[in-house]
Structures are given as C-alpha cells and as structure tokens.
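Atom set for the values below is all heavy atoms of this structure, side chains included, hydrogens, waters and symmetry mates excluded.
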Amino acid sequence: IHGAPGCLRREGLSEAGAIAKSAIEMEAPRFSGRLAKSVIIKMDERHAIPEYTMIGPTAPHTHLVELGTQAHFPPTSIIGGSRQVRGARRLRRWVVRVIGPQAGIKGLGKQGNRAARERAIASMTFLVARAISRRGTQGRHFISAAFQATASQIEAVTEGMRDRREAAWEAIGGPHG
C-alpha cells in the first residue's frame with residue numbers, strides 16, 4: 001500500500017487490519033475466550049499518512065499459546081504466593097474442562113462423591129504439570145495460521161489500493177506507477 005495517497009492508505013490498512021483481526025479471532029484457541037477478545041487493530045498514529053497497522057492479541061499469555069513453552073514445572077498448589085495460586089487454579093480449571101470429561105470427572109461429581117472427584121482432579125493436575133515439566137507446551141501458532149490464511153485477501157486489498165491510486169493519479173493528470 002506504500003505510495004498510495006493518505007486517505008487510500010488509511011482505508012487499505014483498515015480493511016486489511018479488519019481481515020487479519022477477524023481471522024486471528026477465529027483461529028484463537030478457546031478456553032476462557034480472553035485471547036480472541038483481546039485482539040486489537042492499532043493504526044500508526046505517529047505520521048499523518050499511516051505507515052503500518054499492528055494487529056494482534058494483547059492478552060499477557062499470547063506468546064505462550066502461540067509459541068509454546070520450554071519444560072517448566074507449573075504451579076500445582078493453591079498454597080503460596082498469589083501468582084502461584086492463580087496459576088494453580090488456572091491449571092486445575094483447564095484439567096477439569098479439557099481432560100475431565102474424557103476421564104469421567106463429571107460422573108464422579110454426579111454420584112455425590114466429592115472427595116473422590118477432588119482426588120481425581122488433583123491427581124490429573126499433577127500428571128499434567130509433570131508432563132509440562134518434561135516436555136513444555138506445544139505452540140498453537142494461531143496468529144501465524146491466521147496470517148497465512150488471509151494472505152491472498154490482504155494481497156487483494158493491496159492490489160485494490162494500487163488500482164485506486166493509479167485511477168486517482170490519472171484523474172488529476174499526475175505521475176503513474
């Protein structure tokens with residue numbers, strides 16, 4: 001879109017940004033929905049004619065989900081500092097929502113055996129934490145996938161802006177190309 005008049009460039013960057021934002025929101029993994037909800041479009045505000053648009057999630061864990069992590073032992077205890085407690089609760093919630101239905105945790109809760117359910121959740125949470133400590137987590141690459149999926153659409157926007165720029169120059173008798 002470089003070389004287009006300012007209004008066309010702003011319009012083109014906005015349109016391309018909206019395409020990319022929508023794709024990232026669709027590709028974002030869904031657990032709490034925070035990643036998808038945090039996707040923003042930020043236009044270059046330093047220049048009168050924008051040079052770029054930034055698109056992406058602002059959630060603090062975006063890079064961990066996109067790229068994965070190295071082996072580390074996540075917090076599993078709800079005893080400790082506030083960050084450790086939050087991390088342990090998040091891991092526990094993930095285990096209950098993702099692994100729980102496959103392991104029959106919901107069935108344990110329906111039978112009224114709360115103690116057995118809690119032991120099963122604690123055991124599975126520990127096993128997940130141990131696996132993360134050995135292998136880390138695999139990246140989901142949802143941002144990369146979104147940009148690859150929309151590359152042709154964004155290229156079409158660029159071509160459209162180029163055609164409009166040339167038409168605008170022809171209308172005023174200016175330079176071409």
- NZ (Lys42) and OG1 (Thr58) are apart, to the nearest 0.5 Å, by 11.0 Å

- Please report the shortest heavy-atom distance between Ala59 and Arg34, naming the atom on each side. CB-O, 4.3 Å

- Message: Looking at Glu25 and Lys21, is any side-chain nitrogen of the basic one under 4.0 Å from a carboxylate oxygen of the acidic one?
- Response: yes

- Query: If Ile, Leu, Val, Met, Phe, Trp and Tyr residues are connected whenever their side-chain heavy atoms lie under 4.5 Å apart, and connections chain through other members, are Phe31 and Ile99 in the same group?
  - Reply: yes

- Message: For the backbone of Arg119 and the side chain of Ser123, can you confirm whether one donor and one acceptor N or O come within less than 3.5 Å of each other?
- Response: no

- Please confirm whether the backbone N or O of Val95 pairs with a side-chain atom of Arg97, one donor and one acceptor, at under 3.5 Å? no

- Interatomic distance, CD1@Ile41 vs CG@Leu13, rounded to 0.5 Å, equals 10.5 Å

- Item | ILVMFWY cluster membership beyond Met54 - transitive side-chain contacts under 4.5 angstrom | Tyr52

- Message: With heavy-atom distances below 4.5 Å as the criterion, would you say the side chains of Thr125 and Trp94 are in contact?
- Response: no

- Message: How long is the straight-line distance from CZ of Phe142 back to CZ of Phe147, given to the nearest 0.5 Å?
- Response: 10.5 Å

- Measure the CG-NE2 distance between Asp44 and His47 for me, rounded to the nearest 0.5 Å. 5.5 Å

- Message: Test of understanding: clusters of I, L, V, M, F, W, Y form through side-chain heavy atoms closer than 4.5 Å, transitively. Do Met124 and Ile132 belong to the same one?
- Response: yes

- Query: Does the pair Arg164/Glu159 count as a salt bridge with the N-to-O cut at 4.0 Å?
  - Reply: no

- Query: In the single-linkage hydrophobic clustering (I, L, V, M, F, W, Y; side-chain heavy atoms under 4.5 Å), do Ile55 and Val65 co-cluster?
  - Reply: yes

- Task: Could you list the residues that satisfy side-chain hydrogen bond (donor to acceptor under 3.5 Å, both in side chains) with Thr137, not counting sequence neighbours?
- Result: Thr69

- Task: Consider only side-chain heavy atoms of I, L, V, M, F, W and Y, link residues closer than 4.5 Å, and tell whether Leu35 and Val98 are in one cluster.
- Result: no

- Taking all non-hydrogen atoms of both residues, which atom of Ala36 and which atom of Arg30 are closest, and how far apart? CB-NH1, 3.5 Å

- What are the two closest non-hydrogen atoms of Ala48 and Arg10, and how far apart are they? O-NH2, 3.3 Å

- Message: Would you say that Val157 contacts Gln153 through its side chain, given a criterion of any heavy-atom pair below 4.5 Å between the two side chains?
- Response: no

- Gap separating the CZ atom of Arg93 from the CD1 atom of Ile121, nearest 0.5 angstrom: 12.5 Å

- Message: Quick check for you: to the nearest 0.5 Å, what is the distance between Gln138 atom CD and Arg140 atom CZ?
- Response: 9.0 Å

- Item | Close side-chain approach of Ser133 and His72, heavy atoms under 4.5 Å | no

- Is there a donor-acceptor pair under 3.5 Å between the side chain of Glu66 and the backbone N or O of Ile143? yes

